[in-house]
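Data block below; observations after.
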There are 2 protein chains.
Amino acid sequence: MKLSTKGRYGLRAMFELAKYYGKGPIPLRNIANKQSVSDNYLEQLIAVLKKEGLVNSVRGAQGGYMLAKQPKEITVGEILRALEGNIAPTDCAVEDEEFTCEREKHCVTKVVWVKIRDSVNEVIDSITLQDMIDEEKKLSNNDGYMYYI
Amino acid sequence: MKLSTKGRYGLRAMFELAKYYGKGPIPLRNIANKQSVSDNYLEQLIAVLKKEGLVNSVRGAQGGYMLAKQPKEITVGEILRALEGNIAPTDCAVEDEEFTCEREKHCVTKVVWVKIRDSVNEVIDSITLQDMIDEEKKLSNNDGYMYYI
DNA sequence: TATAATTCCTAGTAATTTACTTGGGATTCT
DNA sequence: AGAATCCCAAGTAAATTACTAGGAATTATA
């Protein structure tokens with residue numbers, strides 16, 4: 001029941017892009033360095049996010065990536081589904097999948113898996129990148145440090 | 001974000017035991033056959049469940065396994081946690097784990113993972129084996145077939 | 001126009017985890 | 001005594017994950 005590095009690195013990268021939203025393209029290498037991930041690997045992840053229409057890119061020197069929409073318009077759910085596929089604890093509980101299992105019709109365990117699926121999706125679809133930005137602000141205000149100007 | 005066969009086979013096996021609760025020990029082979037799983041493999045799973053105090057066993061001929069508590073006293077959460085470990089989408093979100101990450105303190109993505117973790121645990125802790133038995137009864141009543149005596 | 005900085009693309013591979021298989025010992029009922 | 005069962009440990013095959021490697025295409029800027 002663990003997410004892969006795709007989802008983890010990917011969400012963090014998107015969060016970084018969100019923080020720079022509106023400030024022009026950010027080279028992937030910057031983000032990769034910050035996260036101690038190889039840029040080649042992060043590239044593969046962001047390629048998927050681009051294909052899904054969540055980020056745009058500018059090629060060439062001074063190029064980079066940026067969110068394709070405002071942070072408040074991108075949910076964690078969209079990001080995770082892009083990278084990990086439909087989120088479900090079993091194949092039989094994947095939405096819109098033509099997986100079949102002979103039990104299917106009367107399967108009580110499937111009912112359990114579907115409940116897990118729905119609850120996870122409800123959570124991730126309810127959090128936007130903007131929410132995360134706001135949350136981070138809150139965290140750094142409550143951490144016991146005082147920030148003086 | 002998929003469960004392994006441990007959780008899937010294990011929950012189904014426990015559900016079978018629940019249906020036979022109070023009727024004496026059931027040989028594992030019966031359940032394994034029913035589920036088209038090798039008995040040796042299912043044995044390994046049930047050994048864990050036994051160690052966790054969820055099932056009891058009787059050795060020798062006419063022996064087998066049985067639930068250690070009433071179906072209404074065993075939750076899906078207990079079963080899945082026994083078999084899969086604490087349920088969390090990332091290591092940093094595992095409860096009672098002394099995993100550390102340098103971000104940790106101000107990590108907004110961790111906040112997301114914790115929300116997912118909590119929502120999954122809430123679901124699985126709220127479903128008992130008895131609930132599943134009741135649900136199955138409901139399913140077979142609503143499936144379009146009529147059962148005449 | 002040359003150079004550097006970047007995205008884009010594909011193939012390969014190392015590491016890890018999962019999902020078993022194998023085989024035999026111990027116990028208990030009949 | 002024999003059959004049916006649980007108990008236990010080690011090994012292995014298959015799949016998945018997590019990268020690495022390397023180079024082509026594009027574009028800003030000096």
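Letters A, B, ... mirror the listed sequences (proteins, then strands); counts begin at 1. Since we're looking at a predicted model, the values are computed, not measured.
Within 4.0 Å (heavy atoms only), B/Lys50 reaches sugar-phosphate atoms of the nucleic acid but no base atom. B/Val58 comes within contact range of the sugar-phosphate backbone alone, with a heavy-atom separation under 4.0 Å but no base atom that close. Nucleic acid contact for B/Ile26: sugar-phosphate only, since backbone atoms but no base atoms lie under 4.0 Å from a heavy atom of the residue. Using a 4.0 Å heavy-atom criterion, one finds that B/Leu28 contacts the sugar-phosphate atoms exclusively.
Remark: C1' of C/dT21 and OH of B/Tyr9 are 14 Å apart, rounded to the nearest angstrom. Computed from coordinates, the B/Leu45 CG to D/dC6 C1' distance equals 15 Å when rounded to whole Å. Following rounding to the nearest Å, B/Arg59 (CZ) and D/dA3 (C1') show an atom-to-atom distance of 15 Å. A straight line from CG of B/Asn40 to P of C/dG25 spans 15 Å, rounded to a whole angstrom. Here D/dT16 presents its P atom at 17 Å from CG of A/Leu3, a figure rounded to the nearest Å. Remark: P of C/dC9 and CG of A/Leu42 are 16 Å apart, rounded to the nearest angstrom. Distance, A/Gln44 CD to C/dC8 C1': 11 Å, rounded to whole Å. Rounded to an integer number of Å, the gap from B/Tyr41 OH to C/dC20 P is 5 Å.
For A/Glu43 and C/dC9, a side-chain-to-base donor-acceptor distance below 3.5 Å is present, hydrogens and geometry of angles not being considered.
Side-chain proximity of B/Ala61 to the nucleotides D/dA3, D/dT27, D/dC8 is greatest for D/dA3. Closest contact between the side chain of A/Tyr65 and the listed nucleotides C/dC20, C/dC29, C/dT7 involves C/dT7. Minimum atom distance to the side chain of B/Ser4 is reached by C/dA19, of the listed C/dC8, C/dA19, C/dT28. Among the nucleotides D/dC19, D/dC6, D/dA25, the one closest to any side-chain atom of B/Ser57 is D/dC6.
No hydrogens or angles considered: nothing links the side chains of B/Lys2 and A/Thr90 as a donor-acceptor pair under 3.5 Å. A side-chain donor from one of A/Glu84 and A/Ser4 sits under 3.5 Å from a side-chain acceptor of the other. A side-chain donor from one of A/Asp134 and A/Gln130 sits under 3.5 Å from a side-chain acceptor of the other. Under 3.5 Å, the side chains of B/Arg81 and B/Asn121 contain a donor-acceptor pair of N or O atoms.
Distances shown here put a side-chain N or O of B/Ser38 below 4.0 Å from the OP1 or OP2 atom of C/dT21. Here A/Thr5 reaches the OP1 or OP2 of D/dA18: one of its side-chain N or O atoms lies under 4.0 Å away.
Between the side chain of A/Asn56 and the backbone N or O of A/Ala68 there is no donor-acceptor pair closer than 3.5 Å.
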